[in-house]
Amino acid sequence: MHSTSAAPDPRTANTEQHRAIARVSALRESIDRIDEQLVALIGERQRLARAVGVAKHRAALPPVDATRESIVLSKIAAHASDHGVAEPEMRLLAEQLIRMARTTQGLPTVVRREAA
């Protein structure tokens, strides 16, 4: 018995592979641009956190505001699914951002987890 399916044309397969490789390259370039934007935004967040620390010190406010940290974690996590991001991963990132802000302000870096 002979097979009814024809052998794939190597030229077509090669062209499809080149297109797929070009697509991967373009997507990676987009990711690289986003990474640069993320770093810039995190840098801006750090500058603002530093300014908040200075302002809190001048106003004789407590250096750590656990209520504010909890609100930030909840808000960021709540927006995760709106953007196709899993809430647990977004919460981890938010916790890291808070740790970075604390470090910038010269504060302890422990972030308390909310009760489940």
Side-chain angles (χ1 to χ4, degrees):
M1 240 189 193
H2 295 287
S3 173
T4 57
S5 62
D9 183 343
R11 292 171 295 179
T12 303
N14 197 25
T15 300
E16 289 175 16
Q17 182 180 22
H18 285 300
R19 283 188 192 135
I21 290 169
R23 177 78 173 138
V24 167
S25 179
L27 290 168
R28 286 179 174 164
E29 287 174 13
S30 294
I31 289 171
D32 290 346
R33 282 192 300 278
I34 290 169
D35 288 345
E36 289 175 25
Q37 292 170 346
L38 286 170
V39 171
L41 288 170
I42 291 169
E44 179 64 17
R45 190 181 197 285
Q46 289 296 96
R47 285 185 287 283
L48 292 168
R50 194 173 303 113
V52 166
V54 169
K56 286 192 299 188
H57 178 74
R58 289 182 181 156
L61 294 172
V64 175
D65 185 345
T67 301
R68 169 71 182 159
E69 289 180 359
S70 179
I71 290 168
V72 169
L73 285 170
S74 294
K75 284 171 60 175
I76 290 174
H79 292 294
S81 64
D82 296 342
H83 300 284
V85 179
E87 186 270 339
E89 283 79 12
M90 199 68 244
R91 186 171 291 279
L92 287 172
L93 180 57
E95 289 172 351
Q96 183 60 35
L97 290 171
I98 289 171
R99 277 193 288 282
M100 290 172 67
R102 282 184 170 207
T103 299
T104 294
Q105 294 177 9
L107 301 173
T109 57
V110 175
V111 175
R112 294 186 188 111
R113 288 193 168 265
E114 291 180 40

(request) To the nearest 0.5 Å, tell me how far Asp82 CG sits from Met90 CE. (result) 11.5 Å
(message) Can a donor-acceptor pair be found, under 3.5 Å and without considering hydrogens, that links the side chain of Lys56 to the backbone of Leu61?
(response) no
(request) Nearest 0.5 Å please: distance from the CD1 atom of Ile71 over to the CG atom of Asp65. (result) 7.5 Å
(message) On a heavy-atom basis, which atom in Ala101 and which in Ala49 lie closest, and how many Å separate them?
(response) CB-CB, 3.6 Å
(message) With rounding to the nearest 0.5 angstrom, report the CD to CD1 distance, Gln37 to Ile42.
(response) 12.0 Å
(request) Could you check if a side-chain atom of Ile34 sits within less than 4.5 angstrom of a side-chain atom of Ile31, using non-hydrogen atoms only? (result) no
(message) Quiz question: by atom type and distance under 3.5 Å, do the side chains of Ser30 and Arg33 form a donor-acceptor pair?
(response) yes
(message) I'd like to know if the side chain of Gln46 and the backbone of Thr104 have a donor-acceptor N/O pair within less than 3.5 Å.
(response) no
(message) Restricting to non-hydrogen atoms, name the atom on Arg102 and the atom on Val64 that form the minimum distance, rounded to 0.1 Å.
(response) NH2-CG1, 2.9 Å
(request) Quick one: pull up CE in Met100 and OG1 in Thr103 and give me the separation to the nearest 0.5 Å. (result) 8.0 Å
(request) Could you grab the distance from atom CD1 of Ile76 to atom CG of Leu93, nearest 0.5 Å is fine? (result) 7.0 Å
(request) Output the distance between atom CZ (Arg23) and atom CD (Glu16), rounded to the nearest 0.5 Å. (result) 15.0 Å
(request) Kindly say whether Ala66 contributes a backbone atom to a donor-acceptor pair with the side chain of Ser70 at under 3.5 angstrom? (result) no
(message) Whether Glu95 and Arg91 form a salt bridge (side-chain N of Lys/Arg under 4.0 Å from carboxylate O of Asp/Glu) is what I want to check.
(response) no
(message) Looking at Glu87 and Ser81, would you say the former's side chain and the latter's main chain have a donor-acceptor pair under 3.5 Å?
(response) no
